[in-house]
Amino acid sequence: MLDAVRRVGRPRLVGGGVRDWLLGHPSKDFDLEVAGVDFGTLQGSLSPFGVTDVVGKSFGVLKVRSRTTGQEYDFSLPRRESKAGQGHRGFVVAPDPTLDDADAAARRDFTVNAIAYDPFEGAIIDPYGGREDLKAGILRHTSPAFVEDPLRVLRAFQLAGRFDFRLAPETAELCRSILGSYAELPVERVWGEWDKWAIKSIRPSRGIRVLEETGWIVHFPEIAALRGTLQEPEWHPEGDVLTHTEHCLNILPILPEWETMEAARRRLLMLAVLAHDFGKPATTSFAPRRGVMRWISPGHESAGAPLADSFLRRIGAPLELDAPVRALVIHHLAHHHGQAGGFSDSQVRRLARKLAPATIDDLALVMRADTRGRPPLSSEDSLLLIDRLVARAKELQLQEAAPKPILLGRHLLSLGWKPGPKYKPVLDAAFEAQLDGAFADERGALVWLKDQIARGAFS
């Protein structure tokens, strides 16, 4: 493909793929910008290699799926962009094959994303000093046109978390100058950046710090309220609730399970850990505890549930995240609620049921992040409690799923019961008995049911 394109234009690898390569990270994105050629000629040169999909002729973008590898590549013409209206979509984009490398790169958001590579000369083309910023771990805007697209502030947020980058002070100042333009962003674009942060961050706290440095944290009041909410130093020597939350977030990517974890589960756990103490600002007070004045937050677990919901709606998260995130927030201190000798079977069954569709394994990871997010406090005692809970759940085969009812409507039918309103109370009572350990299989369920009928329980 590159050889064919080289005959008609000047191809360059551009964007995140070059950045990741220079950082030593594997990259699946191969974006090519081709100058010195018109769109029709570019499409014609690529058509022998696979299906070409014109994403936007007016934008000069073409996708090619290779017939031999099945991999998809993006080819585009250099283009000029100018702000012509309000909103993230208020841009006039015009392909311009005559642009040189520096002018073509000027429209990119950060210097680290404005580096190109000539695949034939083996030359790195870096007109804005992106390589030095990569080495220093700095996100710096490429040009003053940065302010024309407010989404770039949230790109800074997620890139900082993904690559452990800091924001250049002058870029933070530009971000503060467009604080009011957040309202222009479609919620689906907001979610796109939060999703990348949740799934790909290696140091999530860097992203939260970007929100603070730019002032954009005000758009996420559930997070903003955590800063300055005090905690008892004996239990939380690390500082206020947001500092604690940042430590907890940074634990997740270093857990052994994280590297092989699927994206959906990463997303759930990162958002649950972010939200786990949302209830503390409203419940924290300085009050006596066992004869000593302390900072306490009674009931903050349940108080955080509606705030987790409001935050997820604010960032445009998929609705299916609401229930599991809420459940993990409500139960993130469950390891402290066991009996003196451990967790009873009934406790574990009921916990698994309350968590669904999240699991006890999910909760354990949230609790481990919470427990370890209190440096330099030792976490051994709490981690032992978590291990006991997980061990008991494994014995009951409930670590990855909630218990399902054994007694079903078909069993009532088999006994000659006619379908009707009386089914529900019977099945509900049976499930409660199952959770308490009254039976563990179908045969036991039927014995229990017949015994209850003989006692007149459902008459």
Side-chain angles (χ1 to χ4, degrees), residues 156-157 160-161 164 166-167 169 172 175-176 179 194 197-198 201 203-254 269-290 292-312 314-315 325 328-333 335-336 365-379 381-383:
F157 149 74
D164 195 6
R166 292 173 290 111
L167 194 61
C175 294
R176 288 191 293 271
L179 185 63
W194 275 98
W197 172 84
S201 284
R203 193 167 181 80
S205 66
R206 288 289 195 195
I208 303 301
R209 290 300 171 96
V210 165
L211 294 180
E212 284 201 287
E213 292 165 8
T214 60
W216 277 53
I217 199 167
V218 301
H219 300 304
F220 311 102
E222 297 86 358
I223 304 175
L226 304 181
R227 180 63 78 207
T229 296
L230 299 179
Q231 303 185 107
E232 178 55 39
E234 182 179 340
W235 304 323
H236 284 280
E238 73 280 3
D240 67 13
V241 180
L242 187 54
T243 301
H244 165 65
T245 300
E246 289 173 333
H247 283 298
C248 297
L249 291 169
N250 290 341
I251 292 296
L252 281 178
I254 64 174
L269 296 177
M270 189 68 74
L271 292 172
V273 168
L274 175 63
H276 82 281
D277 277 346
F278 276 180
K280 279 190 174 179
T283 59
T284 296
S285 63
F286 194 60
R289 172 65 64 89
R290 297 173 185 170
V292 179
M293 294 297 292
R294 296 182 183 275
W295 290 103
I296 58 173
S297 308
H300 75 271
E301 308 100 291
S302 57
L307 294 171
D309 289 343
S310 66
F311 172 72
L312 293 174
R314 190 185 311 282
I315 65 172
V325 168
L328 292 171
V329 168
I330 291 173
H331 298 288
H332 74 270
L333 293 182
H335 53 305
H336 292 298
L365 294 180
V366 172
M367 293 190 299
R368 287 192 174 106
D370 183 25
T371 297
R372 293 173 59 184
R374 301 179 295 163
L377 200 64
S378 171
S379 56
D381 290 345
S382 292
L383 290 173

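Rounded to the nearest 0.5 Å, atoms CG (D370) and CG (L365) are 12.5 Å apart. Here the CZ atom belonging to R227 is positioned 10.0 Å from the CD1 atom belonging to I208, to the nearest 0.5 angstrom. Taking CH2 of W216 as the reference point, atom CD1 of I223 lies at 14.0 Å (rounded to 0.5 Å). One finds the CZ atom of F286 at 5.0 Å from the CE atom of M293 (value rounded to the nearest 0.5 Å). To the nearest 0.5 angstrom, S382 atom OG is 4.5 Å from H335 atom NE2. Put simply, CZ on R206 and CG on N250 are 9.0 Å apart, with the number rounded to the nearest 0.5 Å.
Shortest non-hydrogen contact noted between L179 and T214 is CD1-O, 4.2 Å. Shortest non-hydrogen contact noted between V325 and A308 is CG1-CB, 4.2 Å. Residues S379 and R372 share a closest heavy-atom pair of OG-CG, 3.9 Å. Nearest heavy atoms, G228 versus D240: N-OD2, 2.8 Å. Contact between P375 and P237 at its shortest, heavy atoms only, is O-CG, 3.8 Å. Shown here for T284 and S297, the closest heavy-atom pair between the two residues is OG1-OG, 2.7 Å.
In this structure, the side chains of M367 and L333 stay at 4.5 Å or more apart for every pair of heavy atoms. Two residues are said to be in side-chain contact when any heavy atoms from C-beta on lie closer than 4.5 Å; E234 and R294 meet this criterion. Proximity of M270 to L252: side-chain heavy atoms (C-beta onward) are separated by under 4.5 Å at one or more points. Side chains of L274 and F311 form a contact here, defined as non-hydrogen atoms less than 4.5 Å apart. Looking only at side-chain heavy atoms (C-beta outward), V366 and H331 stay at 4.5 Å or farther from each other.
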Can you check side chain to side chain contact (heavy atoms under 4.5 Å, CB included) on T245 and H276, steps first, answer last?
-> CA-CA 8 Å; T245 300; H276 82 281; 4.2 Å; yes

Quick one: do E246 and E238 satisfy side chain to side chain contact (heavy atoms under 4.5 Å, CB included)? Show the steps, please.
-> CA-CA 10 Å; E246 289 173 333; E238 73 280 3; over 6 Å; no

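Judged by distance alone, with hydrogens and angles left aside, the side-chain atoms of S285 form no donor-acceptor pair with the main-chain N or O of A287 at under 3.5 Å. Under a 3.5 Å cut-off, the side chain of H247 and the backbone N or O of H244 do not form any donor-acceptor pair. Side-chain atoms of Q231 come within 3.5 Å of backbone N or O of G239 as a donor-acceptor pair.
Checked against salt bridge (charged side-chain N to carboxylate O under 4.0 Å, His left out), D277 has the following partners two or more places apart in sequence or in another chain: K280.
Residues E222 and R314 are paired through a salt bridge, judged by an N-O separation under 4.0 Å between the basic side chain and the carboxylate. The existence of a salt bridge linking E213 and R166 is excluded, since no basic side-chain nitrogen approaches an acidic carboxylate oxygen closer than 4.0 Å.
Counted within 6.0 Å of CZ on R176, heavy atoms from surrounding residues, nucleotides or ligands total more than 12; the atom is thus considered enclosed.
Each of W197, F278, W194 was compared with F220 under the ring-ring contact (aromatic ring centres under 6.0 Å, His included) criterion, and only W194 meets it.
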